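Please read the structure below before turning to the comments.
Computed from a prediction, not measured in an experiment: that's the story for all the values here.
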Amino acid sequence: MNLRRLSAALIGSLVAGVALFAQAPQPGTQTVTPRREARAEKRAEKQQQRIAKGVASGQLTPKETARLERQEGRINKDIAKAEADGKITKKEATKIEAEQNRESRRIKRQKHDAQTRK
C-alpha cells in the first residue's frame, strides 16, 4: 500500500516537472524578458526537486506531497500565464516570486514537521 502511494507521489512529481519543461518557449520565440522568465522557471524546478527529495527520504507524507504539488501547479500556471504575451512584467515577476516564497516556506515546514511516511 505504501509503495503505491510513494510511486503515485513520484509520478505526480515527474508529471509536474515535465509540464514545467513543456511550457518553455520554442526556439525562435524568445521572450522580451528572458532573465525574469529563467529565474521563475529555475526556482520552480528547484522547488520541484526539493519536493521529490522529501518524498524519497520519507519526510513528506502522500497527502502533504499532493498538497504541495497542487500548489506548485498553480505557480506553474501563473508563470505560463505571465509568459503568454511574450514578456513578464515587473508586477508579474513580483507576484510569482511572492508565491514561490510562500511555497518554499510550506515545503520547509512540511519536510521538517513530525509527520513522516510510514
Side-chain angles (χ1 to χ4, degrees):
M1 183 83 168
N2 288 334
L3 185 58
R4 286 184 184 173
R5 288 183 180 174
L6 176 61
S7 62
L10 288 174
I11 289 171
S13 296
L14 290 173
V15 168
V18 169
L20 178 64
F21 287 117
Q23 294 173 0
Q26 300 300 322
T29 59
Q30 191 66 9
T31 62
V32 180
T33 55
R35 203 175 294 153
R36 288 181 193 148
E37 176 182 308
R39 179 179 170 134
E41 289 178 354
K42 185 176 180 182
R43 186 154 182 212
E45 182 180 329
K46 286 201 178 254
Q47 288 185 345
Q48 196 64 45
Q49 290 171 353
R50 288 175 59 204
I51 294 170
K53 284 182 183 179
V55 169
S57 69
Q59 290 176 310
L60 292 173
T61 65
K63 191 173 184 178
E64 290 172 337
T65 303
R67 185 181 312 115
L68 291 171
E69 290 290 348
R70 192 171 49 250
Q71 292 162 343
E72 196 67 32
R74 287 185 194 124
I75 293 171
N76 290 339
K77 273 186 182 179
D78 288 343
I79 292 171
K81 186 177 173 183
E83 292 173 346
D85 63 354
K87 64 180 179 179
I88 297 179
T89 64
K90 284 184 181 181
K91 185 176 180 179
E92 291 170 331
T94 302
K95 180 182 180 239
I96 290 168
E97 188 172 347
E99 288 175 347
Q100 288 175 328
N101 287 343
R102 277 191 299 275
E103 182 68 4
S104 180
R105 285 190 299 273
R106 286 182 191 123
I107 293 169
K108 181 182 177 191
R109 277 191 223 115
Q110 294 302 318
K111 283 178 71 174
H112 294 93
D113 64 4
Q115 298 174 344
T116 57
R117 185 183 70 233
K118 295 181 182 180

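At distances below 3.5 Å, at least one donor-acceptor pair connects side-chain atoms of Q100 with backbone N or O atoms of A40. R36 places a side-chain N or O within donor-acceptor distance of the main-chain N or O of I88, the cut-off being under 3.5 Å.
Rounding to the nearest 0.5 angstrom, the gap separating the NZ atom in K77 from the CD atom in E99 is 12.0 Å. One distance of note links CZ of R43 with OG of S104; it measures 5.5 Å at 0.5 Å rounding. Once rounded to the nearest 0.5 Å, the distance linking CG of N76 with CZ of R74 reads 12.0 Å. The CD1 atom of I75 lies 6.0 Å from the CD atom of Q47; values are rounded to the nearest 0.5 Å. Here the CD-CD distance, from Q48 to E69, works out to 4.5 Å after rounding to the nearest 0.5 Å.
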For residues 105-112, please give each side-chain donor-acceptor pair under 3.5 Å, one per line with the distance, not counting sequence neighbours.
from	atom 1	to	atom 2	distance (Å)
R106	NH1	E103	OE1	3.3
H112	ND1	K108	O	2.9

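Here the closest non-hydrogen pair linking D78 and I96 is O-CD1, 4.1 Å. The two residues V55 and L60 come nearest to each other via the heavy atoms N-CD1, 4.1 Å.
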Stepwise, does the side chain to side chain contact (heavy atoms under 4.5 Å, CB included) test hold for Q115 with K63? CA-CA 11 Å; Q115 298 174 344; K63 191 173 184 178; over 6 Å; no
Worked verdict on D113 versus E64 for side chain to side chain contact (heavy atoms under 4.5 Å, CB included): CA-CA 11 Å; D113 64 4; E64 290 172 337; 2.8 Å; yes
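Under the 4.0 Å criterion applied to side-chain N and carboxylate O atoms, E97 and R39 are assigned as salt-bridge partners.
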